[in-house]
Each structure stands twice: as C-alpha cells, then as structure tokens.
Amino acid sequence: MNNLSKKIRSLCEQKHAVIMAHYYTLPEIQEVADFIGDSLALAQKAKTIEADIIVLCGVHFMGETAKIICPDKKVLVPDMNAGCSLADSCEAKALAQLKAQYPNAMVVSYVNTTAAVKALTDIVVTSSNAEKIINQLPQEQEIIFGPDRNLGAYINKVTDRKMILWDGCCQVHNSIEPEHIDALKQQYPHAIVLAHPECKGTVLEKADVIGSTAALLNFAKLHDYEQYIVVTESGIMHELQKHCPYKQFIPVGAICEDMQLSTLDKLYNCLLTEQPEIQVDTVIAKKAIVSIQRMLEMSEK
C-alpha cells in the first residue's frame, strides 16, 4: 500500500468512514476500498453498513442510491462529474409521459437511473437480479422496462415476456460489436466468452456465459477453464486476475471513462474535506426508497 493509500485508510479510521467501490473503478481504488461489488452488492451493503460516512467510488447514480438507502449518513463521491450514459438516457419527465400512455403498466427500472426516475418506478432491478424479479411478476402484468434496451431485450428473451422497452443503452457496452468477439476467438479459440447483458443481442449470442459483473467473476472463480474473453468494462480485470492468478483473461477493451474519474488523489481530498457530498431531495428520496426496498426484498425470495 502506497503512502497516499495509507493516508486514506487513516482518514477512514478517524472519521468512521467506509469506502465502497464498483468493480469497474481503477485497481488502486479497489485495493483501498473496504468493500467492492456490483450495483446489487453495493446497495445491499449500504443497507447494513455501520459508518458515519460512505464514500462511493463509481458513478453519480450509485452515490444517489446509497444516500436514498442511508438518508442519515453522509455520502460522498470523489468526483461529482462521474456520470452514466445509461442513466442520462432516461429523464423523469419523459418516463412520466410513457407511464401515462400505459396506465396499467408496472415500471421496472434498472438501478442505472437517477433518483427522480427511481421515484417513478415500482421496482428497481440490477443485472444480477432482473431475471429473478421479473419471474416473480404475473405473466399477464404489463411492464415498462428501462432504460437499457439491451438488458430489457435479454430479460424478455429468458423470461418469455414482451415488456415495453425504453430506448436507452450503456454507451460503453453498446459499443462492443460481434466482430470484436470473432477477432478474439480467432486468437483464443478455446477461450470461454463472458458477457454482460448490457451488450447487444448479437454480442450475447456469441457468449458462453451471460451475467452481471459479480456473476462473471464467480463463474471464473468456480470453473477450471484456462482462458476467458471478458466482454464488459475492463475494470473487472483486476478482480478476475486477483482471484484467478493462474488463468488468462482477455479484455474486449471496453473502458468507462466516468468510472476512471475516481482516483486516489480525489478520494483523499474527498475524505479530507468531506466534499463533494451527495444530496437527494427528500420528497424524491421517500418515493425512490420504495422501489429499492422492493428490489432488496424480492432479491431475497
């Protein structure tokens, strides 16, 4: 651990702070964090965590989600500019208009959304639990699913649904093309292809395993294959190699620049000054927490 990392850990101890980081953040951020995980794991951890301060290293909506779950805690983010193209693709006003067109529809929103969108949502889901939660809803229930059309299309396929899909996407995952997989398979013909469901359907068709970052990591840890082509954001490579040092992981080369905005320097200054701090309107937060609590309850069934 370098000197700056030691200073960060010292500040955490002094201020009773906990650092939570997503798998897509920089390796040095993951190494200094108290807890790393995917969106579901971060939400679950925030619900039970004992700390005065939570520092969320990831993107803005993750900090908002932590604040909604933990309104009495101070929630900080290293860089307020760390946004999400997927969350940005769905504005609350536009979602409200779509809801008005389908008055009998239940709104199921991916966690990659703003607090205002979560406030209009019946149930929040993540890539880890979307299939499980949708399967708990009546087959005849009309559903608006957003904002990720790729994840929605995949869930439609595996659950035999016809959900109404919001036309949004993660620009990082959506930039991956089938030919990228083909080129890597030519070089590594025996490699197992691990893909995130935010990718296009044409990409997922070439995958051996489809799942959230946590699911892909667990698959690699539990199986004896020697080579894996990793079709998601490259930040996960750190945890994959850390837990499976004798296996070869080949990244498709997808990089989320927003996730990389959390640096050790910014994290240190964030803890030192206790800024930037995430604030969520109390009215919106009270509505949004209902959809998040439903997700957490249904995930445990």
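D208 is not listed as a side-chain neighbour of L194, based on a closest heavy-atom distance of 4.5 Å or more. Contact annotation: the side chain of I143 approaches that of I134 to within less than 4.5 Å [non-hydrogen atoms, C-beta and beyond]. Inter-residue side-chain proximity for V230 and L216 is flagged as unmet; no heavy-atom pair is nearer than 4.5 Å. Side chains of C270 and Q275 form no contact here, defined as non-hydrogen atoms less than 4.5 Å apart. Between F219 and I192 the shortest side-chain heavy-atom distance falls below 4.5 Å. For the pair L165/N156, a side-chain contact is recorded, criterion being any heavy-atom separation below 4.5 Å from C-beta on. Using a 4.5 Å heavy-atom threshold, the side chains of L11 and Y268 count as touching. Within the 4.5 Å cutoff, no side-chain heavy atoms of V18 are placed close to those of C12.
Atom NE2 in H180 sits 6.0 Å away from atom CD in E177 (nearest 0.5 Å). In this structure, NZ in K45 is found 13.5 Å from CG in L56, a value given to the nearest 0.5 Å. The structure places CG of L184 at 5.0 Å from CD1 of I229, a figure rounded to the nearest 0.5 Å. In this structure, CE in M259 is found 5.5 Å from SG in C256, a value given to the nearest 0.5 Å. Here E297 contributes atom CD and I133 contributes atom CD1; the two are 10.5 Å apart, rounded to the nearest 0.5 Å. Distance OG1/T114 to CZ/F61: 10.5 Å, rounded to 0.5 Å.
Side-chain atoms of W166 come within 3.5 Å of backbone atoms of S89 as a donor-acceptor pair (strictly under, hydrogens ignored). In this structure a side-chain-to-backbone donor-acceptor pair under 3.5 Å is present from T121 to V117. Checked by atom type and distance alone, the side chain of Q171 never pairs as donor or acceptor with a backbone atom of L86 at under 3.5 Å. Put simply, the side chain of N129 gets close to the backbone of T126: a donor and an acceptor are under 3.5 Å apart. A distance-only check finds no donor-acceptor pair linking the side chain of D258 to the backbone of A82 [under 3.5 Å]. One N or O on the side chain of K200 and one on the backbone of N174 form a donor-acceptor pair closer than 3.5 Å. Formation of a donor-acceptor pair under 3.5 Å by the R9 side chain with backbone atoms of V32 is found in this model. Looking only at distances, no side-chain donor or acceptor of T113 sits under 3.5 Å from a matching main-chain atom of S109. With hydrogens and angles ignored, the 3.5 Å screen pairs a side-chain donor or acceptor of Q241 with a backbone N or O of K247. The main-chain N or O of M295 is found under 3.5 Å from a side-chain atom of S299 such that the two form a donor-acceptor pair.
Residue L137 is grouped with residue I155 when hydrophobic side chains (ILVMFWY) are merged at heavy-atom distances under 4.5 angstrom, including chains of intermediate members. By the rule that hydrophobic residues join a cluster once side-chain heavy atoms approach within less than 4.5 Å of another member, I278 and V55 end up as members of separate clusters. Two different hydrophobic clusters hold L261 and L4 under the rule that ILVMFWY side chains link at heavy-atom gaps under 4.5 Å. V158 and Y110 fall within a single hydrophobic cluster, where Ile, Leu, Val, Met, Phe, Trp and Tyr side chains are chained together by heavy-atom contacts under 4.5 Å. M163 and Y102 are not part of a single hydrophobic cluster, where members link through side-chain heavy atoms under 4.5 Å apart.
Under a cut-off of 6.0 angstrom, the local environment of NZ in K157 is sparse, with at most 12 non-hydrogen atoms contributed by other residues, nucleotides or ligands. More than 12 heavy atoms of other residues, nucleotides or ligands shown are found within 6.0 angstrom of CD on Q139. For CD of E91, the number of neighbouring non-hydrogen atoms (other residues, nucleotides, ligands) closer than 6.0 Å is 12 at most. Around CD of Q187, the count of heavy atoms belonging to other residues, nucleotides or ligands within 6.0 Å exceeds 12.
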Exercise. Where do Q14 and S10 land on the side-chain hydrogen bond (donor to acceptor under 3.5 Å, both in side chains) test, with the steps shown first?
Worked result: CA-CA 6 Å; Q14 293 171 31; S10 178; 3.1 Å; yes
Exercise. What do the steps show when you test D88 against S85 for side-chain hydrogen bond (donor to acceptor under 3.5 Å, both in side chains), and what is the final call?
Worked result: CA-CA 5 Å; D88 291 344; S85 60; over 6 Å; no
For this session: Decide yes or no on side-chain hydrogen bond (donor to acceptor under 3.5 Å, both in side chains) for E31 and H238, but give the supporting numbers first.
Result: CA-CA 9 Å; E31 284 299 309; H238 179 69; 2.7 Å; yes
For this session: Go through E198 and N112 one step at a time and tell me if the side-chain contact (heavy atoms from CB on, under 4.5 Å) criterion holds.
Result: CA-CA 11 Å; E198 287 180 27; N112 300 44; 4.0 Å; yes
Problem set entry | Criterion side-chain contact (heavy atoms from CB on, under 4.5 Å) on I49 and I54, from CA distance to verdict | CA-CA 9 Å; I49 210 160; I54 295 174; 3.7 Å; yes
For this session: Applying side-chain contact (heavy atoms from CB on, under 4.5 Å), run through K301 and Q136 and close with a yes or a no.
Result: CA-CA 9 Å; K301 290 183 179 179; Q136 292 178 52; 3.2 Å; yes
Exercise. Run the side-chain contact (heavy atoms from CB on, under 4.5 Å) check on L217 and L240 step by step: do they pass?
Worked result: CA-CA 6 Å; L217 175 61; L240 285 168; 3.7 Å; yes
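Nearest heavy atom pair, residue D122 against residue V107, reads OD2-N, 2.7 Å. A pairwise comparison of heavy atoms in A115 and I284 identifies O-CG2, 3.4 Å as the closest pair. The two atoms that bring I144 and L98 nearest to each other are CG2-CD2, 3.7 Å, heavy atoms only. Across every non-hydrogen atom of Q260 and T263, the tightest pair is O-CG2, 3.8 Å. The shortest heavy-atom contact between I19 and C57 is CG2-SG, 4.0 Å. Here the shortest heavy-atom pairing between P78 and K266 reads O-CB, 3.7 Å.
S127 and S212 form no side-chain donor-acceptor contact under 3.5 Å, judged by distance and modelled atom types alone. Judged by distance alone, the side chains of T159 and N135 never bring a donor and an acceptor atom under 3.5 Å apart.
Classification of D281 and K287 as a salt-bridged pair fails, no side-chain N sitting under 4.0 Å from a carboxylate O. Using a cut-off of 4.0 Å between Lys/Arg side-chain N and Asp/Glu carboxylate O, D182 and K206 are scored as salt-bridged. With respect to K118 and E64, no salt bridge is recorded, no charged nitrogen being found less than 4.0 Å from a carboxylate O. Taking the charged nitrogens against the carboxylate oxygens, K162 and E142 have no contact shorter than 4.0 Å, which rules out a salt bridge.
Sorted by first and then second residue, the side-chain hydrogen bond (donor to acceptor under 3.5 Å, both in side chains) pairs with a member in residues 214-237 read Y24-T232, H173-T232, Q227-Q248; sequence neighbours excluded.
Under the salt bridge (Lys or Arg N to Asp or Glu O under 4.0 Å) criterion, E274 pairs with K15, K74, sequence neighbours left out.
Just one of I123, V125, V124 meets the side chain to side chain contact (heavy atoms under 4.5 Å, CB included) condition when paired with S291; it is V124.
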